Structures are given as C-alpha cells and as structure tokens.
Student: 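Dropping a structure here in structure tokens format, bear with me for questions.
None of the values given here were measured: they were computed from a predicted structure.
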2 protein chains.
Amino acid sequence: MSVTIRDVAKRAGVSIATVSRVLNQSKPVSESLRKKIMKAVEETGYRPNAVARSLIHKRTGLVGVIIPEIYNPYFSGLVQGIESIAQQSGYSVMLAVSGKSVEQELEMLQIFQTRQMEGVILASSRWSREHRRWFTQAPMPCVIIGRPAGSLSSVCTAIIDNRKAAYEAVRYLIQLGHRRIGMIRGPKWDRASGEERYAGYRDALREADIPPRRQWVAVREEFQVIDGYQGMKQIAAAKEKPTAVFCACDRIAVGAMQYLEEQGVSVPGDLSIVGFDDEELARIVTPSLTTVRHQPFEMGVQAATMLTEQMLNQQKMGKEAVLPHQLVVRNSTAPPSE
Amino acid sequence: MSVTIRDVAKRAGVSIATVSRVLNQSKPVSESLRKKIMKAVEETGYRPNAVARSLIHKRTGLVGVIIPEIYNPYFSGLVQGIESIAQQSGYSVMLAVSGKSVEQELEMLQIFQTRQMEGVILASSRWSREHRRWFTQAPMPCVIIGRPAGSLSSVCTAIIDNRKAAYEAVRYLIQLGHRRIGMIRGPKWDRASGEERYAGYRDALREADIPPRRQWVAVREEFQVIDGYQGMKQIAAAKEKPTAVFCACDRIAVGAMQYLEEQGVSVPGDLSIVGFDDEELARIVTPSLTTVRHQPFEMGVQAATMLTEQMLNQQKMGKEAVLPHQLVVRNSTAPPSE
DNA sequence: CTGTTAGCGCATTCAA
DNA sequence: TTGAATGCGCTAACAG
C-alpha cells in the first residue's frame with residue numbers, strides 16, 4: 001500500500017541507501033542522482049516512515065501528557081503551555097485524559113512506556129502507591145504538575161505554593177476585619193485544593209487566634225459551579241453565619257455567589273467571597289471576584305522546559321519549580337458590615 | 001539500556017518466539033515454560049516495544065488531532081469528546097495546536113503522515129488549497145470539524161448549521177420587534193463565525209425587508225472578550241444606534257456587554273445582545289446571555305466515531321454529521337424600548 | 001560517491 | 001510445542 005524507500009530507490013534506479021542519504025543529507029550524493037531521487041520522491045509522494053526511524057534511533061520524539069480533564073481552563077492552559085514548548089523543541093504531544101481515575105492513569109502510564117515516550121508530564125489530582133512506584137522505575141524523564149514529588153528525587157515538579165497562597169487570601173479577609181470565615185474546599189484526595197489550600201486557611205485562622213468552626217467548612221468532590229452552590233447552601237444552614245467564605249476555586253466561588261444572590265444575601269455587603277485561580281470568569285462575574293491569580297500556561301511552559309532539558313541531557317533530575325501567585329482584589333470582598 | 005524480548009528469552013532459557021507467544025497468547029505454550037517466562041518478565045520489568053510492533057503490524061493505534069487553540073471551551077470540549085471515544089476504542093490521541101497558522105497546520109499534517117497516524121481530525125478555522133490537496137491525497141481516514149468539506153468526497157465532516165442558527169437568532173430579535181440590528185462578526189477567514197453566521201444574519205434581515213447597515217457590523221479578528229468590547233465601541237460610534245446586536249460568539253457578547261455597562265447603556269433595556277456557543281460564561285454573566293447552544297463535546301464524539309468506523313472498515317468515506325443547535329433565551333434580550 | 005549488509009524489537013512464518 | 005529464520009522500513013557501518 002504505502003510507498004516505501006524501496007519504491008523510490010527502484011524508480012530512481014539507485015539503492016535505498018542513496019535515497020536515505022539525500023533525504024537525511026547525511027552523506028554527499030552526486031547532483032545528478034540527487035535530482036533523480038527527488039523527482040522520484042515527488043512523483044511517488046513518498047514520506048519517510050517515522051516509526052521505522054524511531055526503531056533505529058531509539059528516539060520517538062514523543063512526549064506523553066496526562067490530565068484529569070481538559071474542560072477546565074486550568075488544565076487546558078497547562079496543555080497549551082506544554083504543547084507550545086514541545087512543538088518548538090520538535091516534540092509531539094500525546095494527550096491522555098484520565099477522568100480522575102487512578103486506574104486509568106496507571107494504564108496510561110503503562111501505555112506511555114510501551115509507546116516509548118521520551119518524557120512524561122502528569123497533572124493529576126489523585127495519587128497512589130502505584131503512581132509512586134511507576135515514577136521511580138520509569139526509564140524516561142518525568143515532570144509532575146501541581147503536587148510535590150515527595151521523596152521522588154528523580155522527578156521534576158512544577159507547583160505553586162497553594163498553602164501560602166490560601167494563607168494570604170484568608171489573611172487578607174482577616175485584615176479587612178473578618179473573624180467568621182468559612183471555606184468551601186475540594187476533596188481530600190486533591191492535594192492542592194483539598195489539603196494545601198485548606199491548610200493555608202487554617203494557618204491564617206490560627207495566626208489570628210480564630211478557632212476553626214466545622215459548620216463553616218464544606219467539602220466538595222468536584223470543582224463545578226454547582227459545587228459552590230451546594231457548598232454555600234450547606235454553610236448557610238449553620239445557625240451562626242460567617243461573614244466571609246474562601247473558596248477552593250473560582251467556579252466554586254461563582255456557584256456560592258449564585259446561591260447567595262438567590263437568597264438575597266448581598267456580596268460583599270453581607271458576605272465576602274474569595275476565589276482561587278483567576279480564570280476569565282472571575283473578571284466577568286458580578287461582583288467581580290477577589291481571587292488568587294496564577295498562570296497555568298506558564299506552569300505548562302515550565303514543566304515542558306524542565307522536561308526537554310532532561311531529554312536533551314539524557315538524564316533524569318529532581319528540580320522543583322515554584323511558580324508565583326498573587327492575590328487580586330476585586331469587588332467581592334469588603335469589611336464585614338457589623 | 002531498555003530490556004527487550006531477547007533479555008527475557010535469555011533469562012527464561014527459551015527462544016524469543018516463545019516469549020512472544022505467551023505475551024500475545026498467539027499460540028499454545030506449555031505451562032512450565034509459560035511460568036518461567038512470566039517470571040522473567042516480572043523480574044526484568046519487561047514492556048513490549050509498541051514501536052516495533054507498529055512496524056510489523058502497520059498499525060500504530062494513533063489518531064492525530066489538530067486544533068487552532070485549546071484555551072477555548074469550544075475546542076477543549078471537542079478534544080475531550082474525541083479523546084473519550086478514541087480511548088474507548090483503544091486509540092491514543094496526538095494533539096497538535098496550530099495557533100491558527102495555515103503553515104503550521106500543514107506541517108502538522110505532514111508530521112501526522114510520517115508518524116503513521118491511522119486517522120486525522122482537523123478542527124481548523126483557516127483553509128487553503130494545500131489543505132485541500134493534503135486531504136485528497138491522505139492515505140488515512142480524516143474528519144473535518146466545523147467546516148463543510150466542499151467537494152472532498154472522501155472526508156467526513158461534523159458541523160452545525162451555523163447559517164441557520166444565526167438566522168434563527170436574528171429572526172428572534174426581529175420577532176421581538178427589533179429593526180435596527182447590528183452584528184459583531186468574526187474574521188472572513190473563519191468560515192463558521194465570519195461567513196456562515198454573518199450570512200444567517202443577512203438572511204434574517206432580508207426576510208424581514210430590513211436593509212443592512214454597514215456601520216452596524218463590526219469585524220473582529222479574534223474571539224476574545226476584548227474583541228467584543230472593541231466591536232461594540234465601533235458600532236456605538238455610529239450616528240444612529242442599533243437596538244440589538246448579534247455576536248459571533250459568547251465572549252464577544254460578554255465584551256460588548258462590558259462596554260455597554262461602562263457607557264451606562266442598559267442591557268436589555270436599551271439594547272439587546274445575543275451570543276453564540278452557550279459556554280458556561282453565558283449563564284454566569286449579568287444579565288445572563290441569550291445565545292445559541294450547541295455541543296462541542298458531542299461534536300468531538302461524533303467526529304471520533306465516524307473516524308473509528310472508517311479505521312475499522314479500512315476505507316475512507318464522506319459522511320457528513322450535522323449536529324443540533326438551539327436558541328436559548330435568557331435575560332440579555334427584550335423588545336426594543338421605543 | 002555508491003551499493004551491499006546488518007540490525008533496531010518484535011511477530012510470524014517454516015521446520016523440527 | 002518449540003526454535004531458527006525472515007522481514008516490517010529505515011539508517012549506518014562497511015566495502016568498493
């Protein structure tokens with residue numbers, strides 16, 4: 001079916017080695033043969049088979065990327081950043097969406113290995129012992145996004161300081177005068193939004209000697225608008241109400257504001273809301289959202305840069321890139337009314 | 001470096017053929033050898049090399065996907081739909097982001113060919129003669145999303161009826177009583193938002209015997225919020241003002257609303273706004289946006305389904321899938337105030 | 001300069 | 001059942 005180097009060689013009346021030489025410019029070839037061969041290539045529409053090439057060079061030029069979902073500006077930002085660097089370094093990206101399933105992720109990692117990826121980037125939320133094992137034995141350089149690699153010394157990570165960022169956001173609320181501060185947090189299995197940001201929230205409370213209140217903390221499994229709505233509903237059911245709520249992400253914050261509007265609670269008049277991520281939504285919603293900005297695209301760029309660096313040097317290393325974040329104050333926060 | 005089938009064979013004291021047989025279960029192998037081999041596989045951590053396999057079987061199990069950008073819910077929805085079907089059919093996805101450049105897209109298509117993709121999905125906005133040529137000569141099945149394939153009979157397409165959808169949206173405005181209706185359209189090179197939706201807008205005007213007014217049509221090159229802002233600014237500069245503006249996409253609509261709010265023009269009191277896409281934004285913005293809903297995820301699913309069907313049958317075909325759309329009326333539209 | 005040959009890692013003939 | 005040998009498409013080392 002497909003035209004091979006042999007067909008071209010036959011058509012040009014030369015050996016396949018010569019064809020290979022002109023195509024790769026690896027050795028000088030007489031002008032006359034070169035022309036004949038180029039003509040044959042043209043006529044047959046021959047394209048060298050990258051699979052065969054990979055087999056010889058032991059280089060696929062492939063980078064595997066796993067994300068839990070793509071329909072989320074954080075992850076699509078990551079992917080775009082990764083893709084841009086990969087492309088510009090001559091690598092192609094294999095994208096796999098895990099749907100947050102640990103089993104699927106592990107299967108994808110296996111596939112990446114059999115498919116001879118030269119590098120792997122994982123932006124996962126869940127984590128397991130098998131993950132750890134896979135990364136320790138992985139033959140290719142790896143970068144993990146959004147979660148510290150722990151004691152994995154041969155894996156790079158690109159993260160932000162979620163704990164500190166959350167701490168700063170809540171400290172800001174405290175500085176405004178708030179003492180009754182709730183949080184809608186992510187699930188416990190999500191390191192960033194479930195653990196770290198919650199820890200930062202607790203840090204800020206502790207620093208201000210504010211005892212935490214269980215009823216003011218809602219745990220959500222997802223990061224959709226509806227989760228914010230439900231989370232706020234739950235918190236609002238407490239006898240005593242908070243005057244501010246810190247949300248694990250912008251969508252949750254938006255959902256919380258929707259519930260409050262429905263209930264006739266004014267934001268920020270009666271209750272202040274802080275989000276996290278600063279996605280486009282944050283500027284558009286009314287009132288515009290005070291939130292923590294970070295740059296998923298830049299994170300992807302950093303991750304891919306660390307990866308290509310390792311791939312070039314042909315060796316794994318354990319660098320950690322901590323990207324900046326920044327509290328962006330908009331109109332969803334104000335001093336408490338009392 | 002990497003452990004090969006040879007290493008396993010040596011360790012188990014058998015031939016590589018036998019190892020291959022137990023791993024693929026292609027021929028019966030005595031239980032004793034099977035055990036020995038499995039043990040050797042376990043101990044060495046051997047993973048079969050998919051590249052070598054591909055070379056033999058002439059099947060890579062790879063699908064190439066090109067999108068102009070991913071940081072846009074329309075395209076990320078597409079990708080997620082495609083990915084889910086591909087995964088479930090045992091294919092892996094190679095993602096390439098073209099940044100809207102024709103040259104880059106063509107280069108990616110070449111790469112896809114040399115990399116032996118078994119199928120290709122293109123969701124592009126721009127189009128060129130070279131595109132056309134590539135798809136006619138392409139050896140693998142292809143699906144084009146968002147643009148009719150024209151006379152390409154061997155390429156599937158997944159589209160919505162942009163013209164009709166736009167027509168219906170503008171007709172709705174006319175039915176509300178509007179006669180002075182503007183449009184912020186996409187660039188001419190974007191078939192969907194630049195040509196078809198504009199054509200639908202003209203269709204509706206024509207049907208109602210409303211002469212089109214040049215000053216009420218703004219052309220934008222991008223689809224960001226800022227484009228809507230600028231586009232609305234341009235239209236607002238006309239001596240006579242329109243009472244409604246149809247926007248080529250939701251982000252543009254949001255930008256338009258932002259400009260209007262700045263200027264103290266009330267929506268929908270003084271001016272009605274209609275968007276297109278019904279992305280999450282549309283429900284969240286204030287006032288919530290009347291817009292045309294369609295389903296990028298479903299579109300991706302359809303595209304990938306048509307592709308896998310062709311890949312299974314090992315032959316190209318020219319089906320066209322037209323996905324449904326639907327006008328969603330929210331709070332950004334009302335009868336004109338006069 | 002050019003052609004012949006030996007693999008890359010694996011599946012699959014063909015013999016044994 | 002098992003092993004040796006062939007070849008997928010291509011590059012690179014070796015002769016000429």
Side-chain angles (χ1 to χ4, degrees), chain A residues 1-38 40-41 44-62 110-118 139-140, chain B residues 1-38 40-41 44-62 110-118 139-140:
Chain A
M1 9 254 138
S2 198
V3 32
T4 75
I5 197 173
R6 230 178 275 286
D7 303 318
V8 177
K10 205 169 294 171
R11 192 177 188 100
V14 298
S15 75
I16 60 169
T18 310
V19 176
S20 173
R21 289 197 262 262
V22 322
L23 260 47
N24 300 307
Q25 309 185 24
S26 51
K27 296 246 169 163
V29 171
S30 73
E31 188 54 24
S32 63
L33 282 193
R34 216 187 63 79
K35 271 191 180 160
K36 257 197 265 187
I37 290 170
M38 289 314 276
V41 167
T44 55
Y46 168 72
R47 304 271 162 219
N49 183 329
V51 173
R53 273 184 150 138
S54 298
L55 192 56
I56 297 173
H57 292 137
K58 298 174 192 304
R59 286 210 48 228
T60 54
L62 253 36
Q110 301 291 4
I111 292 178
F112 281 178
Q113 196 168 345
T114 66
R115 281 194 187 278
Q116 313 295 120
M117 300 291 110
E118 286 182 45
M140 75 289 273
Chain B
M1 9 261 135
S2 198
V3 31
T4 76
I5 197 173
R6 229 178 276 286
D7 304 318
V8 177
K10 205 168 293 172
R11 192 177 189 100
V14 299
S15 75
I16 60 168
T18 310
V19 177
S20 172
R21 288 197 261 264
V22 322
L23 259 47
N24 300 305
Q25 309 183 23
S26 53
K27 295 246 169 163
V29 171
S30 71
E31 189 55 23
S32 64
L33 281 194
R34 216 187 63 78
K35 270 190 180 159
K36 256 197 266 188
I37 290 169
M38 289 313 276
V41 167
T44 55
Y46 168 70
R47 304 271 162 219
N49 182 330
V51 174
R53 271 180 142 129
S54 298
L55 192 56
I56 296 173
H57 291 135
K58 298 176 193 303
R59 287 211 47 229
T60 54
L62 253 34
Q110 301 291 4
I111 293 178
F112 281 179
Q113 196 169 345
T114 66
R115 280 193 187 280
Q116 313 295 119
M117 300 292 109
E118 287 182 44
M140 75 289 272

Student: Can you tell me how far CG of N49(B) sits from CD of Q113(A), rounded to the nearest 0.5 angstrom?
Tutor: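 Answer rounded to 0.5 Å: 11.0 Å.
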
Student: Name all residues meeting the salt bridge (charged side-chain N to carboxylate O under 4.0 Å, His left out) criterion together with R21(A); count only those two or more places apart in sequence or in a different chain, and write none if there are none.
Tutor: none

Student: List the residues meeting salt bridge (charged side-chain N to carboxylate O under 4.0 Å, His left out) with R59(B), not counting sequence neighbours, and say none if there are none.
Tutor: E118(B)

Student: Can you give me the first and the last nucleotide of DNA chain C (5' to 3') that has an atom within less than 4.0 angstrom of a non-hydrogen atom in chain A?
Tutor: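 Footprint of chain A along DNA chain C, 5' to 3': dC1(C) to dG9(C).
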
Student: Check DNA chain C against residues 111-118 of chain B and give the residues with a non-hydrogen atom under 4.0 Å, in numerical order.
Tutor: none

Student: Identify the two heavy atoms, one from R11(B) and one from T44(B), that lie closest to each other, and give their separation to 0.1 Å.
Tutor: CD-CG2, 3.6 Å

Student: Could you run down nucleotides 9-16 of chain D 5' to 3' and tag each one B, S or - for protein heavy-atom contact under 4.0 Å?
Tutor: BBBBB---

Student: Report the residues that fulfil side chain to side chain contact (heavy atoms under 4.5 Å, CB included) with S20(B), sequence neighbours left out, ordered by chain and then residue number.
Tutor: I5(B), N24(B)

Student: L33(A): what forms a side chain to side chain contact (heavy atoms under 4.5 Å, CB included) with it, not counting sequence neighbours?
Tutor: V14(A), T18(A), V29(A), S30(A), K36(A)

Student: Checking E31(B) now: which residues fulfil side chain to side chain donor-acceptor pair (under 3.5 Å) with it, not counting sequence neighbours?
Tutor: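 Checked E31(B) against side chain to side chain donor-acceptor pair (under 3.5 Å); matches are R34(B).
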
Student: Identify the two heavy atoms, one from A40(B) and one from A12(B), that lie closest to each other, and give their separation to 0.1 Å.
Tutor: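 Heavy atoms of A40(B) and A12(B) come nearest at CB-CB, 4.0 Å.
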
Student: Can you name the nearest heavy-atom pair linking Q116(A) to V51(B), along with the distance?
Tutor: CG-CG2, 3.6 Å

Student: To 10°, what angle do the rotation axes through the five end pairs on each side of the helix from dC1(C)-dG16(D) to dA16(C)-dT1(D) form?
Tutor: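 For the helix from dC1(C)-dG16(D) to dA16(C)-dT1(D), the axes at either end differ by 50°.
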
Student: Suppose we screen for side chain to side chain contact (heavy atoms under 4.5 Å, CB included). Which residues come up paired with R115(A), at least two apart in sequence or across chains?
Tutor: M94(A), I111(A), M117(A), A50(B), L62(B), S92(B)

Student: Going by salt bridge (charged side-chain N to carboxylate O under 4.0 Å, His left out), name the residues that satisfy it together with R47(B), two or more places apart in sequence or in a different chain.
Tutor: none

Student: Considering residues at least two apart in sequence or located in another chain, which fulfil the side chain to side chain contact (heavy atoms under 4.5 Å, CB included) criterion with L23(A)?
Tutor: V19(A), V41(A), Y46(A)

